[in-house]
Amino acid sequence: MLSKSNIIVREIVKISTDESGLVEHSRVEDVLSALREINPSGHLEILKSYLVEIRKKLRLQLVEVEVGCQPNESLISGLKSKLAKHTSGSLELKVSQNNHLIAGYRIRLVDDVFEDSIQSRLRKLSQSLIC
Amino acid sequence: MSSITELIRKEIESLSTESTRTNVGTIITLADGVARVDGLSKVMYNEMIEFPNNVLGIALNLEEDSVGCVLLGDVSSLKEGDEARTTGKLLSVPVGKELLGRVVDAVGRPMDGKGAINAEKYLPVERIAPGIIPRKSVDQPLQTGIMAVDSMVPIGRGQRELIIGDRSTGKTTIAIDTIINQAKINKQGEASGDPNFRAVYCIYVAVGQKNANVARTIKVLEESGAMEYVTIVSAPAADNPANQYLAPYAGCAMGEWYMENGMDALIVYDDLSKHAVAYRQISLILKRPSGREAYPGDVFYLHSRLLERSARLNAESGNGSLTALPIIETQMGDVSGYIPTNVISITDGQIFLETDLFNKGIRPAVSVGLSVSRVGSAAQIKAYKKVAGKVKLELAQFRELAAFSQFESDLDAATKASLDRGARIVELFKQTASNPISVEVQTAIMWAMQNNFFDAIAVSDVNRATQSLREYMETQGKSACELIYSTGKLEEDTEQKLRIAVEDWKRTFS
Ligand SMILES: Nc1ncnc2c1ncn2[C@@H]1O[C@H](COP(=O)(O)OP(=O)(O)OP(=O)(O)O)[C@@H](O)[C@H]1O
Ligand SMILES: [Mg+2]
């Protein structure tokens, strides 16, 4: 059984995405202003679950790349062209620096993480010494 | 120091340069030792999940959009939004003889301050019970050293015998006495140098008990010198419900190791009522639909999959066994409660302890009518079978007649004889705690009873006489007992020896 607010959330999430299921910035803004205008009962709860759902959707279209060094232009463009070659271009790329890695990389795609960094090696090493 | 450097160097060299793939998620809610995690789409049921600060969890609820994990360890360091990652491993505990004499928690970490446990092997806590093919029917005795139990509800190796009764009726005492008796038999057997002797190793799982009670149990075991054959798995009441839920499975894995390696082991679950309550608590927090008494629908499976893992294996599978003594606490003697009926139907019999008997001073307070062992005399040595065969019937008759005879003034001779015999058996069976009697001495005492040696003794003196006879048989009458111990039978010459010894004792007793 879905509660009424759950049904509303499901519907507004559907409205926020285009035909191929991608979240669109303008659509989300439309939904938010409409919600503000109507002000349905349980407004806050609906907003909260809406946020969770949209975040989930957004994560599906994002590839997060963290590197241990300062990411430069050539690295980013190289990654972008690689990504475009393998996907239809629906994925967004976000490159950032993560000093905790020390060196190496960490790529997150939805809930899979591919990693090879000094941090992950140290973690593995410490685990093998404890066990 | 240099060895550590060497170790680290070796580890670094063996590290591959390949990237690792893990499946991650984030904590969305965190309450009462349960984390709800978003993500983890590739998690397995019962997989260990790693949280920050070395906190571990187990994936118990796999739902469409989230995963419910019970957390083991210090939850206070976690917060919403923290990352959780899969490990690809099922929860495992250390197993083996390194654990003997130790007190460990639900995941096998030492709790007794006696240093690390250098176990070589680990086994997953959740395992599939042996099937039909490798099993064998129960035919070797597991002596508890308690006369009332060994004679009327004999327990065999590989059997599952429930100990059930109200609070404070001596349930734990029966289990602990059984463990003490195993240690005694083990020492005797090892000293005899018999190559066919099979020791019984014990595991005591304390679930949801007060720390003081667990400490008392450990003290009793240490004082009686039994600790060297015992592993204690403790998940006290103050521990989180996840640990209480896990402890019996962890203990069972430790017991299975003995069984699978051709040895015999005994495991006590003290108690499964509290285990069910811990599981109910977890299930309610995980928002599983609840049924009767608010227990989740699979509470039967909770205990059946645990108790099915106790078995007697056949010769091809190494002849090992795991005997289980689960304990259940009833409310006001009601055995028709949800959890009691479940466990009664799973086990191969029960020892029912009555509050009334206990308060009257008949301890151990074993109820004759409601206690049963579905293995029966297959699990008794021949000599003992011969002297104890009738006793349950005699005592049951006595209970029935005693209720009737209260209204009768003049009784016929047969009834009176039955009553006399019954009253004496009741006295004979009274036995103090931590005081197990070896099977050969029990045989001698029962033989004396069956051969009317107690008839001339006043009922109020029978208990004293029993103790005196026991002392006599353990000292002067030793040779007869040794014959019973070595042959396991009660043949004519043994019986003759026994008669001489008992007659001798009778003359000295006053
Ligand atoms: N055979 C016995 N002779 C004398 N005292 C006994 C005997 N058995 C048990 N007792 C005493 O009765 C008390 C309760 O025993 P025990 O702790 O074994 O009961 P229990 O049923 O396990 O209780 P709980 O419900 O608290 O777990 C203890 O103080 C114990 O010493
Ligand atoms: Mg107890």
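Note on naming: letters A, B, ... go to the chains in the order of the sequence lines (proteins, then strands), and numbering restarts at 1 for each one.
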*Is atom NZ of B:Lys42 surrounded by more than 12 heavy atoms (other residues, nucleotides or ligands) closer than 6.0 Å?*
yes
*Counting only N and O atoms by type, is there a donor-acceptor contact under 3.5 Å from the side chain of A:Asp111 to the main-chain atoms of B:Gly25?*
no
*Rounded to the nearest 0.5 Å, what's the gap from NZ on A:Lys124 to OG1 on B:Thr20? Could you check?*
5.0 Å
*Look at atom CD of A:Glu73 and say whether more than 12 heavy atoms of other residues, nucleotides or ligands are closer to it than 6.0 Å.*
no
_Return the CD to CG distance between A:Glu53 and B:Asp65, rounded to the nearest 0.5 Å._
7.0 Å
*Flag if over 12 foreign heavy atoms under 6.0 Å of NZ, B:Lys114*: yes
_I'd like to know whether OH of B:Tyr45 has more than 12 heavy-atom contacts from other residues, nucleotides or ligands below 6.0 angstrom._
yes
*Heavy-atom distance under 4.5 Å between the side chains of A:Asp112 and B:Arg21, does that happen here?*
yes
*Counting heavy atoms not belonging to A:Gln61, are there more than 12 under 6.0 Å from its CD?*
yes
_Would you compute the distance between atom CZ of B:Arg85 and atom CD of A:Glu115 and round it to the nearest 0.5 angstrom?_
6.0 Å
*With the side chain counted from C-beta on, respond yes when A:Arg55 and B:Asp38 share a heavy-atom pair under 4.5 Å apart, and no when they do not.*
no
